[in-house]
Amino acid sequence: MADKIFRVNMTDLTTSIEDVPADWAGLGGRGLTSTIVAAEVEPTCHPLGHRNKIIIAPGMLSGTVAANSGRISIGAKSPLTGTIKEANAGGTAAQMLAKSGCKALIIEGLPKGDSWYNLHLTADSITINKETELIGKGNFAVIDAVADRLNDKHGVISIGQAGEMKLLSANISIKDPDSNLRSCGRGGLGAVLGSKRIKFISIAPTDAKVDIANQEAFTAANRTFTKALVDNPISQALGQYGTNVLVNIINESGGLPTRNFTSGQFDGHEAISGETMYDTIVEREGKPKHNCHKGCVIQCSQIYNDVNKAYKTSGFEYESIWAMGADCCVDNLDHIAEADHLMDDMGIDSIETSVAMAVAMEAGVLDFGDGAEVCRILKEEVANGTPLGHIIGCGAGNVGRTFGVTRVPVVKNQAIPAYDPRAIKGIGITYCTSTQGADHTMGYTIATNILGVGGSVDPLSKEGQIELSRNLQIATAAIDSTGMCLFIAFAALDDEKCLPALVDMLNARFGINLTADDVTSLGSTILKTEHDFNLAAGFTNKDDRLPEFFSEEPIAPHNVVWDISGEEIDTFWDF
Amino acid sequence: MEVTVKLFAYFRDGRFKEAASTLSDEETTPRNVIESLAIDMDDVGVIMVNNRHAAADYRLHNNDVLAIFPRIGGG
């Protein structure tokens, strides 16, 4: 089926299905969302106003049988950072949109009045419908309601209460194959969907298949690609311990931000580690391995049960566990799991909100280590939209400004995630220069700084960090466009058969002749498009900096500060 | 010479989480320790000594803390 652009105008409540402009034909995922945002969104617009648009796009290989290709990208101007934004997640929506021939869904305008709506997308239509029943409800209620009204084969993209309230940390949730949630987490995209008064989007199942120009070549390339992923030892460890396997190694390296970024090691690391989590899951008859989308062969997700062996949460990630754990000094995995579940249901970023909670702890709003109070605040204050709930739900920067805290770990107002840039300097360059605020996934130097993947660069030295971050940011922008999970990068960096097989699949899917250099060039173009948008929105090189406390407060155990100068950071963009 | 040895992920299975180890004068490297634990060197991803990355043939000192990880990743 030929790909189309589905467009929804919420100002006049009209929809259209359009041909794909030639310039967009070779794009998907982040490459497409960022290209459309750059083309159609005024960079200086208010992110929650009528000029912002939200773009939802499956990756270039989504909907095919390519392993790990089920990521969906959502883009807009971010209300949290003011920059361009793309957040991606697994779940079933990317594959369903691609099979429906939806290359991208563009939602623009703002409705007049105070009605809420849902969208329903099929292979040849999209409709706007009034929604009343689910307003004020969490994401799990939305998924249940769509299954009741239609059936459980439908895809769902939704916001919880956080998105309805336009909290700047609100995320957008994607239904997974087990009717649980995956999140396009960062940058407040849920607030943008909430500003357009769309509670959810349902996607009808279809028997249609995506077109493959050369099926034989595609099948052969996918076989090679899948083998590279399955054989990779890091893939195997991810399946057993999940991403949370990182707690102990990052702690050992001295780069685990603890107690609102005042130490690099957490005394309670063992209690929240991947090893402890694995033992707990097995003991409570959960599932250590679980795939967030059909065709994933790594299976880093899991089902974490509570003490009564009942489902508590899934997709229980290192980042969330670090943030609510070490950064807030909560050493109880069940409190962290409860918080994770609450944040999933109300639809709020578990990194931003947990880092905001740690800043609130420093401000004296609650005590470090008080996991029960964290859960109470999430449930009673944030989900209900009390004044304190709004303060915390609008992010770490907002909490710092409100309570006069100066140790606020953000870049471009987005919370710094789970690696301290003083002790792991490559990731500091990524935080500074990312086109989307502090975000480890934009250029994951931890692979090379800590894990020995793709070579090795000393985490404490200034040498080589800018080049490392640049190369990874370019590669990541390309991978984020294919619909591939970023965790293919572990195999891609160390198995010489992996990346050529991915390029072969792109060529076989579209009947084109890309080389590896073309893919790198695509990554460079995406980064520059995003950077240009930010410059036009008013950002300068002075925004590419870490907060000053990183340069002034040494962090244990290495007693190091951030020591890469602004002039050095600015050379990142020399390409 | 006394060193503290810490193991992670599946290296702990059938072994230990953390243990004190006495090394002879001839066996002073992480490689010696890894071999004595019957861990396949090919399975080792990262070695750290006192919170810093170290090579398998690094010369250990008394009271060092040696951490041995299999090949792992996340993010």
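Within every chain, numbering begins at 1; the chains are lettered A, B, ... in the order of the sequence lines, protein sequences first and strands thereafter. Just so it is clear, the structure is predicted and the values come from calculations on it, not from any experiment.
Counted within 6.0 Å of CG on A:D279, heavy atoms from surrounding residues, nucleotides or ligands total more than 12; the atom is thus considered enclosed. Counting heavy-atom neighbours within 6.0 Å of B:R59 CZ, excluding the residue itself, gives a total of 12 or less. Taking a 6.0 Å sphere around CD of A:E496, one finds it holds 12 or fewer heavy atoms contributed by other residues, nucleotides or ligands.
A:I249 touches chain B through backbone and side chain together, each having a heavy atom under 4.5 Å away. Residue A:Y278: no heavy atom, backbone or side chain, is found under 4.5 Å from chain B. For a residue to count as touching a neighbouring chain, one of its non-hydrogen atoms must lie under 4.5 Å from one of that chain's; by this rule A:P233 touches chain B with backbone and side chain alike. Neither the backbone nor the side chain of A:T441 comes within contact range of chain B; no heavy atoms are under 4.5 Å apart. The contact between B:F8 and chain A is made by backbone and side chain atoms together, counting heavy-atom distances below 4.5 Å. Only the backbone of A:N449 comes within less than 4.5 Å of a heavy atom in chain B; its side chain stays farther off.
By the 4.5 Å heavy-atom criterion applied to side chains, B:R52 and A:D458 are counted as neighbours. Using a 4.5 Å heavy-atom threshold, the side chains of B:H53 and A:I450 count as touching. Looking at B:R71 and A:D494, their side chains come closer than 4.5 Å, going by heavy atoms from C-beta outward.
For A:Y431, the ring-ring contact (aromatic ring centres under 6.0 Å, His included) test picks out no residue, with sequence neighbours left out. Applying the side-chain hydrogen bond (donor to acceptor under 3.5 Å, both in side chains) criterion to A:T258, with sequence neighbours excluded, gives no partner residue.
No donor-acceptor pair under 3.5 Å is formed between the side chain of B:Y10 and the backbone N or O of A:A237.
The candidate from A:E317, A:Q236, A:H558 with the greatest count of non-hydrogen atom pairs under 4.5 Å with chain B is A:H558. When the candidates A:N232, A:N244, A:N248, A:I298 are compared by the number of heavy-atom contacts under 4.5 Å with chain B, A:N248 comes out ahead.
For the residue pair B:G73 and A:L238, the shortest heavy atom distance occurs at O-CD2, 3.2 Å. Scanning both residues, A:I234 and B:I72, for their nearest heavy atoms gives CD1-O, 3.6 Å. Across every non-hydrogen atom of B:G75 and A:E319, the tightest pair is C-OE2, 3.7 Å.
Ion pairing of A:E275 with B:K6 is absent here, as no side-chain N (NZ or NE/NH1/NH2) approaches a carboxylate O to less than 4.0 Å.
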(message) Walk me through whether B:N51 and A:Q265 qualify under side-chain contact (heavy atoms from CB on, under 4.5 Å).
(response) CA-CA 10 Å; B:N51 310 116; A:Q265 291 186 315; 3.1 Å; yes
